[in-house]
Amino acid sequence: KLGINKRTSRRQTFPSSQVRAVQEFGAICQERQPDVVKGVLPYWPRIYCRISMDHDRRVREATQQAFEQLVLKVKRNLAPYLKSLMGHWLISQCDTYSPAASAASAAFQAAFPLNKQPEAISFCKDEVLNVLQDNLLKETADTLSDPQSVPEEEREAKYIRLLTCSLLALRRLLNILPEQERELLKERLTQLITQGKFWKYSKHKTPQVRAFFELIAIMCADAPQLIQAEAARACSAVLLSIDDTDPVVLPPLWEAVLHILSCVDNCWTHVSARKGVMPKLWVLLKEGGRGLATSLHPNLLPFISKLPAEVTQPNLEFSRTFLTSVIQGLSSDRATSSPSESAAIIFATMECLRFIILQNAGDEQEQRNIQNMLISEQLLPLIDRALGNPSLQTGPLFPQVSDMLLSWEKRVAGKETPTFQRLLSDFWEGLGHLCTTYVDREEAKQTALEGIASLLQNMHNPNSASKQTKKKKTVKICFMDKEDRGQGEEPPRETQVVEEQHCPLRNRHLLDLVCQLAELNMVYVSERESERHLRFLSQLLGAFPSPQVFQVLLRPEEIKPEMGPELRPLAENTAVYFLLQRVTVWLKQDDRKDTDFLVDMVFSSLQCCSSSDDKTLILNHISRDLNWSVTLQLIEKACADPVRLGVCVGWLRGPVLGERLVGLAGELCVMGLRGSPSSSSHHAHGWPLISLTLSQQHNNEPLIGKAYVKQIIDKLHATLSEAKGMSDAGNMEPLLTFISDVAATFFSSVKDCLLLASAEELLMTVFQLCAQDQIFTHLSDVLLLKLQHAYTAGIQSLITHLGAGATKGTLLHNIGLWVKSQLLTIPLTVKSLQVLVQAVESLAQTIASAQNTSCLLSQFICCLTPTEEEWSCIRQALPPQVLKPFTFTQAKQADPFILFNHRSQEEGSLWSLALAKYMQNNIYHNTHAHTHTQQMLTYTTIRTQRVIVCFSQTASENSSMFLNPLVQLFVCANCELIVRLSEFFTSPPAGVQEQLPPELNSEWKEFFLEGIHNLLLSLLIKIPEPDDPLFPLPALRAVGEALTYIPVELLTQNKLPPRFVADQRSSLPEPLQTLLNTLSPLLLFKARPLQLAVYHILHKYRLSCYRLSYGEEPCLSPPAALMSILSATEELLENILGGVQVGEFAVVQPLSMEHCFILGYLLAWKLLFTFFKASSSHLRAQYALHLKKTRSLHKLLLHLFRLMPENPSVPGQPAEPSSKEPKIFFTESLYLAPRKTDGLQFELPHLACSVYYGALKDLPAMVRLWWNSQEKRVFSMVDKFTSKYVSGVLSAQEIASVQSSTQTFENMMVKARSATREVIATYSVDDIFIELVIQLPQNYPLGSISVESGRRVGVAVQQWRNWMLQLSTYLTHQNGSILEGLSLWKNNVDKRFEGVEDCMICFSVIHGSNYSLPKKACRTCKKKFHSACLYKWFTSSNKSTCPLCRETFF
């Protein structure tokens, strides 16, 4: 009834047709009324059951989505058909293609709420089971699909998928049915599982079918009687498959294994554990689970807990074999390379080991043998393996061992005290012997020593390690007493870890072992000076800072030492004595390079001191003569740890360290002024130490005493001031670099740093260095940037944290006075003035960005503003070549405007330029805040127009004035102001338009705009030749940028001098023809800004067409002015690029002569494409004919494939691949700005790509014709390049234009599908219905567009074929978009229905080239023909007879 049955019955020859049919059905269900949709319900079950099992996954997904729409529409009316649908519906919810399964589940949820789903399935349970039984027992690959028409591979794939889905659907059915309903199906299910074919699925070659084990697991859980009745088959199928390691099968298999062990009591009577099961398991465990340890090993503990005694006897051998196999799996390749695999094996090993110990926690001889075996043969060798393997050390083994020991210690107090005391004693004895073996070696392995330290630290503080391992573990095992559970019960699992596990060990075994190892270690340190043992000692002391450990490190005669009077109160503290007598000595050794671990020893020793005063006393004592590198490490480690920082705060702020640091700063400054080499220890560690102590804070206070901070800053300022006046700056570079780095860190890190007067003076000196010419300061560019960063950080800190002003005596006021004194007292060169102005401008920008109120910048400008007397002196002192005046940016008060306006009207000169600069920077941001807005804009526009008028008149009389730098600066300033005003009036900021006077906008457009742009346009053509060395390129850039804002209306009424060409035929108005003739030659001007300005002006107005005569019939040509540009440059480009092979990339030097010629050539083509696109279909055909005759496009395409890069990627993208598509020249818009100066080396390649894209888009037929005519190499290269970079972009744009098009066609509907790159046109009139599917090729538009047949009603076959051929012809040979081709085809069909007969030559109503109708009629047969068709007939046949009746044609 809805036409779906016929279309979905097609074979896979047209899979897209099936997808479209189902999608359309879903759309119909969504759009039509319920009464209409209900009509399909009688037919839907048969259709659904067939297409829901289709081989194409897209069809299955679309079917479920359409079913959901049907369900939502018909709702309860689906009930009578539910039993016919439910079987395949349930199977579809288990589809192996996840989107299809999700769609089926969504449809099921839309039909039934969650609480109603069991009821719905129960209602259809018999029908569902019928379908599943047929699929599992009766169906084969050949019965599901026709062997004659479906390939064997496809048939087999469909059958496998159906088996998998049916097994999963049966599992889902059993899981969702209530228990009573399952009992009703018991007999039916028994019939199923008694079939031999059912149990063969456990050995099926396809892993997906072996999802059979999921079904077995759910049967054991929900219908155990069924499995018990077939125990022999079930146990054999499951337990003998225990070595199946397919990733899909293993999780459900082991679930089934555990269920079988629980469900079938006598399962081991059906299989041989010793011969059939355990050998397979041992091999699997020795291979580490073959890469599936994370899935396999969590099941081992439940597995062995369910094994009966007859399987595990003898217990000793079974336990040994089991754990040995598991531990051996750590040596497998996957376990060694994967931390997660290794961790899973470790967890399983420790859990099973603890379980076996609990199972054998008695005093019988066999149990003791098992305990000894577990400790000596399993646990200790595993720890030994870890000590030599860093990856095992960082895994969960050590925390697991600690947890086990904690649990044993808790059990010591219970009834099993002797057993666990013996276990602990044996373990510690064995561990001590193992650790001693590694430590008692002169060439001890560093890895082993670090492993021992890590193990002992984990035992001492399990909390730190458990935080890491706890995230990876999903469950924890809690073991209960044997008496509280049965022998075969699985130990219960808990999701939380008990708090006792984080408690330290409650016996002295650990501390005794640490003392033993420390004492042994000290022998190698003292007698053999072993660096490895010394590092190991540092790690031990870091984990165990105990007086007992320090005591064993001292010889008996050192226990009661003699100390000085200041340390006498600490004489009894062995840690302090060890620090003073041993650690300090090691720290002072000259040949010791690495002291990091020794510094850790210092902090370990300090932990044994209870009083903070004692710690400060010790640090003061040892730091007096420590190397600066050690002191730096002490402070760095203290700052990195809040606890350590609290220990050291008294020492840090005390006089001992403070005075040493002040002395160090003085030494560094003196050495820097003398030019001492920077490789000394003072430079290497001194400056970082000074920077660190100045930048760090503790409790909002300086890290060291405030008095010492002030003294250090004073020394830095004094040194900087002294270095500023020294001429031999070559040796000052390192010193100034260090000072600038320290100052920048200090200013940016410490909030109240500038409360110190010395800090303000330092900041002032840094600014002065930045504001002076490098000729006098001898600073390098790198150092200057560092100083600029330092004073910027200082100014921001001053304003942000202190809220500084610019009143008298403040830093900003002093800077303003210093700047004016520089202008008044020191003769400045042009470069010196530029540097000073740039520094002031940068400072003003920093103030503007950091200020919280709007008055600070105005106050600063007032400090800088000279009086009339001072200004007179400054103006006389400035050199006449000054090109850049004072520019005070981003001022936010009206006062600067009043000042600049008043001075500008009185004195002009630099004040006028300062006013222009001020208005340019404030017209956007602050217009709404000004009370003088109208006055400023009106004054600006009137003054701009006046000065441009005067300047233009002068320039027309004397073009040499362009060479004056001041004139160029004047032009640039005014043009930049015009740009800002144009941008403002075009799109004013939000909220500003309402505050402007209502007549201001109209006055700008009607009065000012016309005069300004007419003068600029005339100024553009008066630019002198670019050969002059003083060519005004900056002025040209500014004028070009301003002219890009010229309105289109002014172009049609321009006042340029008339310019015409003899014999030039044109239908354009005289002003437009003059504009084109005047500006077109400037496309080849040897200055890029002018070329781009002309391009933007001509691009503003799309010219109409030009009529010329060609041969016997009138023909139209593109604009002659542009064609003359192309003809003039084609030969030049051939000379430039002729030596480059087509397909190779020619590199053109930016701004060279060749660059200008190529740029003009490509810009002319861009304009030509613009005119071409704006023309009608008829004119485009004539343009294309002209370009074909002149072969201009042929030459262009050859040149483009020399100018486009092989990889048109936009530069500057990250090298790492990302999820986003990389940017290429074909996807990014081209920015052609006259004032652009960076990235010019990429401009021509990008422009060439843009032109090629335009050619493919606007002239696809001509490009296709050119491509087909090329030799094989060029043909292949063009095809590959276009397919890779352009076709996707063009196709997406073409499809998007169809989707977003607002064009409507009478009797025709057009829609597009972006995913399939298809456009579907549906034409209907009266009883006639036509559907055509347009498919874009992969190499669009080079490849031919295919037109597929859709539905047709009421059209003869021959006529149908003619129309399809016509549409294919239009799309292939017309230069336009798909919509334009469809419009042409529709007009042709409309004319056919209106009674207009086809031309009997081309068999089309509308001509394919000139789009005319048949008008030339034969007097004999009365048939009409196209003029172009007749002309071609007469010339090709050399006859003058009618093509139809063969009579002479008059």
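Numbering of residues begins at 1 and proceeds along the displayed sequence.
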Side chain to side chain donor-acceptor pair (under 3.5 Å) evaluation trace for Q64 with S92: CA-CA 8 Å; Q64 306 306 328; S92 297; 3.2 Å; yes

Could you walk me through whether V257 and N299 pass the side-chain contact (heavy atoms from CB on, under 4.5 Å) check? CA-CA 9 Å; V257 168; N299 298 293; over 6 Å; no

Does the side-chain contact (heavy atoms from CB on, under 4.5 Å) test come out yes or no for L70 and V37, once each step is laid out? CA-CA 8 Å; L70 177 65; V37 179; 3.4 Å; yes

Locate the shortest heavy-atom distance separating R60 from M53; write the atom from each residue and the value. CD-C, 4.2 Å

Determine, stepwise, if the pair I216 / H259 fulfils side-chain contact (heavy atoms from CB on, under 4.5 Å). CA-CA 9 Å; I216 298 302; H259 277 293; over 6 Å; no

Taking all heavy atoms of A62 and all of Q23, pick out the closest pair and write down the distance. CB-CG, 4.3 Å

Expected output: side-chain R182 to main-chain L177 donor-acceptor under 3.5 Å: yes

Taking the six-membered ring for Trp, is the centroid-to-centroid distance between F1275 and W1267 below 6.0 Å? yes

What verdict does the side-chain contact (heavy atoms from CB on, under 4.5 Å) test give for W199 and I193, after you've listed the backbone C-alpha separation in whole Å, the side-chain angles of each residue and the deciding distance to 0.1 Å? CA-CA 7 Å; W199 295 104; I193 67 173; 4.2 Å; yes

Is it true that D126 and K83 make a salt bridge, defined as a side-chain N closer than 4.0 Å to a carboxylate O? no

Measuring only between side-chain heavy atoms, which start at C-beta, is L253 closer than 4.5 Å to R210? no

Tell me whether the rings of H204 and Y201 are parallel (<30°), tilted (30 to 60°) or perpendicular (>60°). tilted

I want to know whether W89 and F67 have ring centres closer than 6.0 Å. yes

Heavy-atom closest pair, residues G39 and P42: O-CD, 3.5 Å

Enter the distance from K75:NZ to L78:CG here, rounded to the nearest 0.5 Å. 13.0 Å

Give a yes or no on whether the backbone of L114 and the side-chain of Q109 come within a donor-acceptor separation of less than 3.5 Å. no

Closest non-hydrogen atoms of K280 and I242, given as atom of the first, atom of the second and distance, are CB-CG2, 4.0 Å

